[in-house]
Amino acid sequence: MRGIKIGTVLGIPVRLNWTFLIVLPLFAYLIGSQVGMIAETMNMALGAEIITPGALTEGLTPWALGLAAALGLFGGVLLHEFGHSIVAMRYGYEIESITLWLLGGLASFTEFPEDWKHEFWIAIAGPVVSVAVGLVCFGVFALAPVGSNAVLFVFGYLALLNVVLAVFNMLPAFPMDGGRVLRALLARNQPHAQATQRAAGIGKVFAFLMGLIGLFTFQLLLIVLAFFIYMAASGEAQQTTLKAAFQDVTVSDVMTRREDLHTVTEDTSVAELVSRMFEERHTGYPVVQGGNLVGMVTLEDARSVREVERDAYNVGDVMETDIVGVGPEADAMTALQTMQENGVGRLPVVDRNEELVGIISRTDLMTAFNIIQTGGTPNIISGRRQGTESGPGLF
């Protein structure tokens with residue numbers, strides 16, 4: 001998730017997504033507009049002894065309290081994400097960033113843990129930190145002298161909200177913290193991909209129920225959260241299934257090889273390129289010169305030239321030279337992730353000498369995935385697995 005970098009803590013970049021700039025003033029307004037009601041609730045629930053709660057609603061006081069409480073709330077969310085991140089770092093996982101956004105915080109890992117013990121402790125660390133923050137806030141609240149209405153209000157509110165958020169996060173709605181704890185427990189005695197599918201199924205049910213509650217109670221934020229949980233659960237389940245299917249599958253197993261590949265040269269005219277695209281039903285070609293890859297050209301590149309001028313322009317004039325490639329020994333899953341990150345549908349496959357040895361497309365990967373899912377494993381992969389299993393070991 002992209003965002004504005006505001007600093008680095010413990011080597012982890014901290015970012016603010018643009019949606020945070022919308023939700024922070026919204027939360028401040030919602031809290032500020034209900035200061036009197038919240039103060040009376042805390043008087044009853046916590047024995048807060050906030051004297052004359054009505055005084056908190058005068059002038060700019062409610063909006064100042066609302067902003068302070070909203071900032072404190074997101075500060076607690078940030079500490080929650082650091083709880084996840086610090087435990088993950090102790091297990092050796094790299095944290096790309098922590099981002100505050102519309103629905104709270106998000107710690108981005110370069111790799112999701114598949115060891116169930118690692119995932120369990122990483123997932124549970126966030127809610128534990130939230131409870132600890134809530135207890136610290138309650139301590140300040142309890143020690144504040146009677147009559148310090150602003151301190152009692154802000155820290156009492158944060159004490160309650162941090163504990164509530166910890167409990168809410170522990171709902172088994174994958175990929176929320178409770179859902180990840182559920183997957184970790186399921187993964188103790190079943191494959192990680194199967195545990196993910198089951199946890200994601202439960203997460204979708206919770207998302208559906210949240211959406212219904214949000215719809216009938218007119219809570220837009222709950223509807224948005226339900227949508228996010230449903231989409232995130234589906235996406236991670238799909239990624240995990242793909243990763244399991246492509247285990248031990250390399251790019252060279254799936255790619256279209258050089259001898260079967262359609263290529264063009266830099267001096268091919270754009271008119272000829274378009275004609276070949278129509279005849280061969282391809283929308284993209286590697287551009288090769290002397291056996292080396294020098295660029296990629298797509299239908300979109302050809303469209304950038306007006307039809308009447310296509311005879312006057314060559315592929316070298318419109319091709320993309322800043323290309324992302326992949327090696328034949330790379331994992332098939334790595335190739336798919338590279339495509340997703342760069343928004344492309346195909347990648348050239350080049351060897352260490354920068355010579356083109358093939359091309360791999362999203363279609364190639366999905367075809368291989370469908371075959372593997374039906375129980376078909378390419379002979380080259382089966383042979384490699386057998387060789388690995390029958391090879392010498394340490395014990």
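All values reported here derive from a predicted model rather than from experimental measurement.
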Nearest 0.5 Å please: distance from the CD1 atom of I229 over to the CZ atom of F206. 9.5 Å

Spacing of CZ belonging to F216 relative to CZ belonging to F218, to within rounding of 0.5 Å: 9.0 Å

Apply side-chain contact (heavy atoms from CB on, under 4.5 Å) to the pair F109 and I95, showing each step before the final yes or no. CA-CA 5 Å; F109 293 15; I95 314 300; 3.5 Å; yes

Check whether any side-chain heavy atom of I360 lies under 4.5 Å from a side-chain heavy atom of L365, and answer yes or no. yes

I want to check something: taking the side chain as every heavy atom from C-beta on, are F246 and I372 in contact at a cut-off of under 4.5 Å? yes

Which heavy atom in R362 sits nearest to a heavy atom in Q340, and how many Å separate them? NH2-N, 4.1 Å

All heavy atoms of I31 vs all of A69, minimum pair found to be CD1-CB, 3.9 Å

Expected output: side-chain R310 to main-chain V305 donor-acceptor under 3.5 Å: yes

Examine I22 and F20 and state if one hydrophobic cluster contains both, with Ile, Leu, Val, Met, Phe, Trp and Tyr joined whenever side-chain heavy atoms are less than 4.5 Å apart. no

Using a strict threshold of under 4.0 Å (side-chain N to carboxylate O), is an ion pair present between E355 and R258? no

Write down the atom of F369, the atom of L242, and the distance for their closest heavy-atom approach. CD1-CD2, 3.5 Å

side-chain contact (heavy atoms from CB on, under 4.5 Å) assessment of L103 paired with L221: CA-CA 8 Å; L103 298 179; L221 198 60; 3.9 Å; yes

Does any donor atom in the side chain of T241 or Q197 lie under 3.5 Å from an acceptor atom in the other side chain? yes

Should the pair W63 and Y29 be assigned to parallel (<30°), tilted (30 to 60°) or perpendicular (>60°) ring geometry? parallel

Hey, any chance I98 and I124 share a hydrophobic cluster, counting ILVMFWY side chains that come within less than 4.5 Å of each other, even indirectly? yes

Sidechain-backbone polar pair: D260 side chain, T256 backbone, donor-acceptor under 3.5 Å: no

All N/O donor-acceptor pairs, side-chain side in residues 313-332, below 3.5 Å, sequence neighbours left out:
from, atom 1, to, atom 2, distance (Å)
D317, OD2, N314, N, 2.9
E320, OE2, D322, N, 3.3

Shared hydrophobic cluster, V133 / F155 (ILVMFWY, side-chain heavy atoms < 4.5 Å): no

Has D301 got a side-chain atom pairing as donor or acceptor with T298's backbone, closer than 3.5 angstrom? yes

Would you say N292's side chain and Q289's backbone share a donor-acceptor pair under 3.5 angstrom? no

For residues 74-95, which residue pairs pass the side-chain hydrogen bond (donor to acceptor under 3.5 Å, both in side chains) check, not counting sequence neighbours? H80-H84, H80-S130, H80-D177, H84-D177, Y93-H118

Which pair of non-hydrogen atoms, one from A245 and one from V249, has the smallest distance, and what is that distance? O-CG2, 4.1 Å

Within a strict 4.5 Å, meaning less than it, do heavy atoms of the Q239 and F112 side chains meet? no

F227/Y230 aromatic ring centres below 6.0 Å: no

Spacing of I6 atom CD1 and L16 atom CG [to the nearest 0.5 Å]: 4.0 Å

Check: R346 side chain, T363 main-chain N or O, donor-acceptor pair, under 3.5 Å: no

Using the rule that Ile, Leu, Val, Met, Phe, Trp and Tyr join whenever any side-chain heavy atoms are under 4.5 Å apart, tell me whether W101 and V23 fall into a single cluster. yes

Spatial distance of atom CZ (F120) from atom CG (L185) [nearest 0.5 Å]: 6.0 Å

Is F82 close to V129 at the side-chain level, that is, under 4.5 Å between some pair of heavy atoms? no

Within-4.5 Å side-chain heavy-atom neighbours: F228 and M210: no

Evaluate R183 against T240 for side-chain contact (heavy atoms from CB on, under 4.5 Å), listing each step before the verdict. CA-CA 12 Å; R183 179 172 69 174; T240 303; 4.1 Å; yes

Counting heavy atoms not belonging to E307, are there more than 12 under 6.0 Å from its CD? no

Inter-residue atom distance L21.CG - I4.CD1, 0.5 Å rounding: 5.5 Å

Nearest 0.5 Å, what's the CZ-CG distance between F74 and L79? 13.5 Å

Taking the basic N atoms (NZ, or NE/NH1/NH2) and the acidic carboxylate oxygens, is any pair closer than 4.0 Å for E279 and R276? no

Return yes when atom CH2 of W121 has more than 12 non-hydrogen atoms of other residues, nucleotides or ligands closer than 6.0 Å, and no otherwise. no

Note: S234 and K204 closest approach over all heavy atoms is OG-CE, 3.0 Å

What I'd like to find out is whether the side chain of V9 reaches to under 4.5 Å of the side chain of L78, using heavy atoms alone. no

Side-chain heavy atoms nearer than 4.5 Å, only ILVMFWY residues, links allowed to pass through others: does that put L165 and V140 together? yes

For M366, does the CE atom have more than 12 heavy-atom neighbours from other residues, nucleotides or ligands under 6.0 Å away? yes

Side chains of S361 and D364: do they bring a donor and an acceptor to under 3.5 Å? yes

Compare every heavy atom of V77 with every heavy atom of G105, then report the nearest pair and how far apart it is. N-CG1, 3.3 Å

Any side-chain heavy-atom pair from W116 and L186 closer than 4.5 angstrom? no

Side-chain heavy-atom pair E119, E114 within 4.5 angstrom cut-off: no

Angle between ring planes, F138 versus F141, binned at 30° and 60°: parallel, tilted or perpendicular? tilted

After noting the C-alpha distance and the side-chain angles of M255 and V357, does the key distance pass the side-chain contact (heavy atoms from CB on, under 4.5 Å) rule? CA-CA 9 Å; M255 70 181 187; V357 296; 4.3 Å; yes

